[in-house]
Structures are given as structure tokens and as C-alpha cells.
Amino acid sequence: MNTKNIAYILLLLVSAVSFGQSDMDVLLKQYNTRSVPYISVQELKMEMSDYLILDTRKKEEFDVSHIPGAVWVSEKVNDSMYAFAKAKKDQPIVVYCSVGIRSEDFGERLKKKGFTNVKNLYGSIFAWKDEGYEIQNKNKQPTDSVHVFSKVWGKYLKTGHKVY
């Protein structure tokens with residue numbers, strides 16, 4: 001393969017990634033207000049041990065797959081959920097869902113309860129999986145499956161096995 005062909009292939013790959021990113025950008029700009037600052041999947045991957053990672057999806061979504069080390073907290077913010085973190089209002093927390101919309105809502109409620117260091121994972125588990133990072137099932141085994149909630153939302157996941 002000559003240099004020109006390699007350059008063309010690289011251009012196509014970069015365009016495909018950029019197109020997927022712009023789809024996510026448009027989606028998140030439509031639904032989110034950035035009231036909870038974003039953290040990129042790359043930044044979270046490099047600093048995972050610094051954060052309490054909260055999965056704000058439904059239990060069946062979490063059971064299909066989740067980010068390693070994530071704690072399932074449901075979509076609902078309630079006082080019993082905070083028993084493990086009440087004394088740590090300034091602890092760095094990352095919230096995520098499928099793409100980052102439900103998690104922003106959850107993060108807003110955390111902030112109202114006094115948590116001061118909350119970030120929303122940009123693109124959430126879809127972006128995490130699309131970046132090639134490991135996800136685990138309920139048995140903590142690596143999996144390629146991601147619960148995409150519905151076919152409408154599933155179009156934003158570019159890699160992996162879609163579960164509805």
C-alpha cells in the first residue's frame with residue numbers, strides 16, 4: 001500500500017470519527033444545558049481511581065454492561081442512596097447513563113443535595129464503548145453488549161452488540 005492510499009484511509013477514519021462525534025455533539029446540545037460539567041472518556045480512563053463513578057441507568061441496563069468499578073444508583077436520587085457518601089460531599093463524582101442526558105439530570109440533583117464536585121461523562125457508556133474501553137456485565141466479566149434503551153438511541157452506539 002502506498003503513502004497516498006494510507007493517507008486516504010486515515011482521512012476516511014478521521015472523518016468517520018468526527019461525524020460520530022458531531023452526532024453526539026448535536027444530541028447533547030439539544031438536550032443538555034451543561035449545568036453539570038463534562039469529563040471526557042479519555043480523562044476518566046486516565047484518572048478512574050480519583051472518582052466515584054455512578055451509573056444512573058435502569059438496573060437492567062446496568063446488568064447488561066457498565067463501566068468497571070461503577071456503582072449502580074438508578075435514575076432516581078433518594079436519601080438512602082447517599083448512605084455511602086454523605087460525609088464526602090466534595091468527593092469527585094462522575095455520573096453516566098447511555099449518552100449523557102439522564103446523567104446530567106441526576107448530576108443536577110446531586111448538586112442540589114450539596115455535592116460539589118460532580119461531572120457528567122460526555123457521551124456516557126456509548127462513548128466509553130466506542131473508544132474501545134472495557135465494559136463489564138453483572139458478573140464483572142468483559143462483554144461487548146450494551147443496552148441501548150431503544151432503536152432511536154441505539155444509533156448513537158457505533159461499536160459493540162446492541163441490546164434492547
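The residues of the chain are indexed from 1 along the displayed sequence.
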With no hydrogens and no angle check, is any side-chain donor or acceptor of Lys158 less than 3.5 Å from a backbone partner on Asp130? no

Measure the OG1-CZ distance between Thr56 and Arg109 for me, rounded to the nearest 0.5 Å. 8.5 Å

Quick check: do Asn117 and Ile93 have side-chain heavy atoms less than 4.5 Å from each other? no

Lys138 atom NZ: more than 12 heavy-atom contacts under 6.0 Å: no

Backbone N or O of Glu108 within a donor-acceptor pair of the Lys113 side chain at under 3.5 Å? no

Any side-chain heavy atom of Glu134 sitting closer than 4.5 Å to one from Pro68? yes

Tell me, with the steps shown, if Gln42 and Glu131 meet side chain to side chain donor-acceptor pair (under 3.5 Å). CA-CA 8 Å; Gln42 296 85 359; Glu131 193 63 31; 3.2 Å; yes

Backbone of Gln141 reached by a side-chain donor or acceptor of Asn139 within 3.5 Å: no

Please assess Asn32 against Tyr38 for the test side chain to side chain contact (heavy atoms under 4.5 Å, CB included), listing each intermediate value before the final yes or no. CA-CA 11 Å; Asn32 284 1; Tyr38 288 123; 3.0 Å; yes

Once side-chain hydrogen bond (donor to acceptor under 3.5 Å, both in side chains) is applied, what residue pairs with a partner in residues 144-154 remain, sequence neighbours excluded? Lys129-Asp144

To the nearest 0.5 Å, what is the distance between CG on Leu54 and CG on Asn120? 11.5 Å

Partner set under side-chain hydrogen bond (donor to acceptor under 3.5 Å, both in side chains) for Glu43, not counting sequence neighbours: none

Whether the side chain of Asp90 engages the backbone of Thr116 through a donor-acceptor N/O pair (distance < 3.5 Å, no angle test) should be reported. no

Minimum heavy-atom distance between Gly114 and Lys89, given as atom pair plus value: O-CB, 3.6 Å

Please go through Val64's hydrophobic cluster and name the other residues, only I, L, V, M, F, W, Y counting, with side-chain heavy atoms under 4.5 Å joining them. Val163

Lys155: which residues meet the side-chain contact (heavy atoms from CB on, under 4.5 Å) condition with it, sequence neighbours left out? none

Take Val99 and Met24, measure what side chain to side chain contact (heavy atoms under 4.5 Å, CB included) needs, and give me the verdict at the end. CA-CA 8 Å; Val99 295; Met24 188 64 72; 4.0 Å; yes

Could you measure the distance from the OG1 atom of Thr143 to the CG atom of Asp63? Nearest 0.5 Å is fine. 11.5 Å

Got a donor-acceptor contact below 3.5 angstrom from the Asp55 side chain to the Arg57 backbone? yes

Begin from the C-alpha positions of Ile53 and Val71 and carry the test side chain to side chain contact (heavy atoms under 4.5 Å, CB included) through to its verdict. CA-CA 6 Å; Ile53 303 170; Val71 176; over 6 Å; no

Before giving the answer on side chain to side chain contact (heavy atoms under 4.5 Å, CB included), spell out for Lys111 and Val36 the whole-Å C-alpha distance, their side-chain angles and the decisive distance to 0.1 Å. CA-CA 8 Å; Lys111 289 171 68 176; Val36 179; 4.1 Å; yes

From OH (Tyr122) to CG (Asp25), nearest 0.5 Å: 3.0 Å

Can you name the side-chain contact (heavy atoms from CB on, under 4.5 Å) partners of Lys45, sequence neighbours left out? Met48, Trp128, Tyr133

Is the side chain of Ser124 donor-acceptor paired with the backbone N or O of Ser98 at a distance under 3.5 Å, no angle test? no

Rounded distance [0.5 Å steps], CG in Asp23 versus OH in Tyr156: 6.5 Å

Do you reckon Val148 sits in the same ILVMFWY cluster as Val152, going by side-chain contacts under 4.5 Å, direct or chained? no

Main-chain N/O of His66 paired to Tyr96 side chain as donor or acceptor, under 3.5 Å: no

Qualifying residue, where the test is side chain to side chain contact (heavy atoms under 4.5 Å, CB included) with Tyr31 and the options are Leu27, Thr33, Leu28: Leu27

From Phe62 CZ over to Glu60 CD, what is the distance, rounded to the nearest 0.5 angstrom? 12.5 Å

Cluster check Leu121, Met46: I/L/V/M/F/W/Y, side chain < 4.5 angstrom: no

The side-chain contact (heavy atoms from CB on, under 4.5 Å) partners of Asp50 (sequence neighbours excluded) come to Glu47

Exam field: side chain Asn137 to backbone Pro142, donor-acceptor pair closer than 3.5 Å: no

Taking NZ, NE, NH1 and NH2 as the nitrogens, is one of them in Lys119 or Glu104 under 4.0 Å from a carboxylate oxygen of the other? no

